[in-house]
Engineer: 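One structure is given below, represented as structure tokens, and several questions about it will come after.
Counting convention: from 1, in listed order, for ligands and their atoms alike.
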Amino acid sequence: MLGEKIIEKLKEEIPQIEYERYIKNLRYDEKRSKVDHAVFIAPNLFVANWVKRKYSKKLSQLFELETGVETFVEITTKKEPSIKKLAEKKPEINQPTTSTKINPTYTFENFVVGSSNQFAYTAAHRVAEKPGEVYNPLYIYGGTGLGKTHLLHAIGNFNLKKSKTIIYATIEQFMNDFTYHLRQKTIENFREKYRKCDILLIDDIQFLSGKEGTQEEFFHTFNELHTDGKQIVLTSDQPPKKIAGLEERLKSRFEWGLIADIQPPELETKIAIIKKKCELNGIQLEDEIVNYLAANMDSNIREIEGIILKLNAYSTLVNQEITMELAKNVLNEQKREQQKEISLKEIVDVVANELNIKPSEIKSKSRNRQIVNARRIVIYLARNLTPNSMPSLAQFFGMKDHTSVSHAMKKVKELMEKDANFKVQIDELLHKIKHANSE
Ligand code: ADP
Ligand code: MG
């Protein structure tokens, strides 16, 4: 197997003691690995982080030497993806999605305009009317579920009938497509497709971060289209400057045209969006209920839509009208699901498990360095994930008062700033605890 072969190669190049202690315990996860993404499972976070820090670059090079494909090496402690995740899994690399389809319901007509998105909407509309002529590229950024993808498709829909060649792809599809054609030695087809279209719509460009090979390819794609006066539209969750791991030359190009942001919708816009979605889905809602939902929902419009569909499903099921009571219940249920409580015990357990110590040791008064460190991490995580105050945490750990807690917080923050590897470890723990909680 590829993974084992690479490990063998690495073994030849590193001190034996490191191999015995760390590398030997890695398992290659064949199922989850792809041609440009290798996954190794480490027995615990400590080993994972150590390998990541010391050898992920080397591993990546070894893969590239072997396969000729730039490979991202992931070292994880997660054994198996959950079933849910498997179902959501992106198509495999050997079947690149040619689906550059435009969603026909994401049109300008179906987009509700308010002051939060007016600027982005107007810019997108002008670009749709005069592709390649007004702002090139158009770069739209904003938070999740605020309508970026919708606007991209709207530009596509607007131009569909004008017999223009339009490509919509997420940057991940672009990357998969690229890797696939590299492997098949059909890169010319890839270039023909992406460099010869009239309008290129690329979604979630932030995922270019750190992908050097793809950045290089995208750079040339961009230049060729731009020189030919073809329209490029990009979306992201951040303005170009803020995307870490993105080459300067790309950042500066992304700023050549117009940058438009989308803000979370204000109440009125939320109300109008709910009404629009009801109309599109043939759902009847009293104004009172619409107002209630708008006032009590998050700004993520995807979630608003989810609530409306759920309401409709319930009411169809029991064959009754959607009442205020039902609306309140569904909304509360949704909120409960979102914020299932995370307990201190859970945090202690996860940290203890990852650092290979006993939960009881974390709660003990031991001054052992490793245990002090683990305790600090728990405190930091608890402050970030639970509503516990500093005094209540001090009490939990039997500390004198809250100053010991704030000292622990300070230490963790300092270390995170100094040591990138430690920061990764903390981020992973945060992720792990949140994730364990949402299942
Ligand atoms: P993003 O790409 O910013 O994460 P999407 O474009 O996928 O968000 O939008 C999420 C959902 O919300 C989509 O179903 C979209 O139609 C809807 N939506 C977002 N903004 C609006 C809006 N202003 N008017 C109507 N629907 C919207
Ligand atoms: Mg999107």
Side-chain angles (χ1 to χ4, degrees), residues 88 90 97 99-128 137-158 160 166-176 199-209 232-240 242-243 254 259-283 285 290-291 293-294 297-313 331 334 338:
E88 282 167 7
K90 298 260 160 60
T97 37
S99 109
T100 38
K101 283 198 199 85
I102 308 290
N103 180 336
T105 67
Y106 286 176
T107 58
F108 285 119
E109 291 73 35
N110 289 342
F111 192 84
V112 175
V113 186
S115 56
S116 58
N117 57 32
Q118 168 94 56
F119 185 55
Y121 170 88
T122 311
H125 206 283
R126 292 206 59 199
V127 159
L138 171 63
Y139 185 105
I140 302 173
Y141 76 92
T144 313
L146 300 185
K148 301 179 298 291
T149 299
H150 188 134
L151 283 178
L152 269 192
H153 284 264
I155 296 171
N157 275 310
F158 193 93
L160 269 186
I166 303 162
I167 293 192
Y168 166 86
T170 64
I171 194 68
E172 283 184 308
Q173 285 168 332
F174 178 89
M175 186 158 55
N176 287 349
I199 302 178
L200 180 63
L201 308 166
I202 298 283
D203 218 350
D204 295 321
I205 197 89
Q206 70 269 20
F207 294 122
L208 257 186
S209 168
I232 303 155
V233 187
L234 309 167
T235 74
S236 171
D237 62 347
Q238 304 263 16
K242 290 222 171 137
I243 304 181
F254 293 172
I259 299 185
D261 69 330
I262 302 193
Q263 294 293 325
E266 54 300 326
L267 185 62
E268 260 170 67
T269 313
K270 276 201 225 175
I271 293 176
I273 292 174
I274 295 180
K275 289 189 168 159
K276 185 75 182 186
K277 295 293 170 187
C278 286
E279 179 197 315
L280 287 173
N281 290 294
I283 295 170
L285 276 189
V290 172
N291 293 346
L293 290 177
M297 279 294 318
D298 257 12
S299 316
N300 183 337
I301 297 160
R302 201 171 293 133
E303 275 172 26
I304 299 185
E305 257 185 316
I307 291 274
I308 301 173
L309 294 178
K310 212 170 189 177
L311 268 178
N312 192 46
L331 195 60
Q334 167 100 358
Q338 269 167 17

Engineer: Pick one of side chain, backbone, both or neither for how Ile273 approaches ligand 1, counting any non-hydrogen atom pair under 4.0 Å.
Structural biologist: side chain
Engineer: Taking the six-membered ring for Trp, are the ring centroids of Tyr106 and Phe111 within less than 6.0 Å of each other?
Structural biologist: no
Engineer: Can you list the ligand 1 atoms lying under 4.0 Å from a non-hydrogen atom of Thr144?
Structural biologist: 4 (O)
Engineer: When you look at CD of Glu268, are more than 12 heavy atoms from neighbouring residues, nucleotides or ligands closer to it than 6.0 Å?
Structural biologist: no
Engineer: Show which atoms of ligand 1 fall inside a sub-4.0 Å distance from at least one heavy-atom site of Asn117.
Structural biologist: 23 (N)
Engineer: With atom 1 (P) of ligand 1 as the reference point, say which of Ala272, Ala154, Gly145 has the nearest heavy atom.
Structural biologist: Gly145
Engineer: Considering only the protein, which heavy-atom contact is closest to atom 2 (O) of ligand 1, and what is its distance?
Structural biologist: Thr149 OG1, 2.7 Å
Engineer: Looking only at protein heavy atoms, which one is nearest to atom 12 (O) of ligand 1, and what is the separation?
Structural biologist: Ile301 CG2, 3.1 Å
Engineer: Name the closest protein heavy atom to atom 21 (C) of ligand 1, giving the residue it belongs to and the distance to 0.1 Å.
Structural biologist: Phe111 CE1, 3.7 Å
Engineer: Starting from the C-alpha separation in whole Å, work towards a yes-or-no answer on side-chain contact (heavy atoms from CB on, under 4.5 Å) for Leu285 and Leu293.
Structural biologist: CA-CA 10 Å; Leu285 276 189; Leu293 290 177; 4.0 Å; yes
Engineer: For Glu305, run the salt bridge (Lys or Arg N to Asp or Glu O under 4.0 Å) check against Lys270, Lys310, Lys277 and tell me which one passes.
Structural biologist: Lys277
Engineer: Hey, does Glu305 sit under 4.0 Å from ligand 1 if you only count heavy atoms?
Structural biologist: yes
Engineer: Taking Tyr141 as the fixed residue, which of Ile259, Ile205, Ile262 is the one that meets the side-chain contact (heavy atoms from CB on, under 4.5 Å) rule?
Structural biologist: Ile259
Engineer: Would you please test Asp204 and Ser236 for side-chain contact (heavy atoms from CB on, under 4.5 Å) and show each step?
Structural biologist: CA-CA 5 Å; Asp204 295 321; Ser236 171; over 6 Å; no
Engineer: Could you tell me the residue and atom name of the protein heavy atom closest to atom 25 (C) of ligand 1, and the distance to it rounded to 0.1 Å?
Structural biologist: Asn110 O, 3.4 Å
Engineer: So do the side chains of His150 and Asn110 get within less than 4.5 Å of each other, counting heavy atoms only?
Structural biologist: yes
Engineer: Please write down residue, atom name and distance for the protein heavy atom closest to atom 24 (N) of ligand 1.
Structural biologist: Val112 N, 2.8 Å
Engineer: Check if Lys277 has a non-hydrogen atom at a distance under 4.0 Å from any atom of ligand 1.
Structural biologist: yes
Engineer: Can you tell me which residue and heavy atom of the protein come closest to atom 15 (C) of ligand 1, and the distance to 0.1 Å?
Structural biologist: His150 ND1, 3.4 Å
Engineer: Looking only at protein heavy atoms, which one is nearest to atom 8 (O) of ligand 1, and how far off is it?
Structural biologist: Gly147 N, 3.1 Å
Engineer: Just to check, does Gly143 reach to within less than 4.0 Å of ligand 1 when the distance is taken from its heavy atoms?
Structural biologist: yes
Engineer: Verify the distance test for Thr235 against the Mg ion (ligand 2): any N/O/S atom under 2.8 Å, yes or no.
Structural biologist: no
Engineer: Return the CG to CG distance between Asn291 and Leu267, rounded to the nearest 0.5 Å.
Structural biologist: 7.5 Å
Engineer: Quick one: sort the His125 and Phe158 rings into parallel, tilted or perpendicular, breaks at 30° and 60°.
Structural biologist: perpendicular
Engineer: About how many Å separate CD1 of Ile202 and CG of Leu200, when rounded to the nearest 0.5 Å?
Structural biologist: 4.0 Å
Engineer: Would you tell me which option among His153, Lys270, Arg302 has the nearest heavy-atom contact to atom 7 (O) of ligand 1?
Structural biologist: Arg302
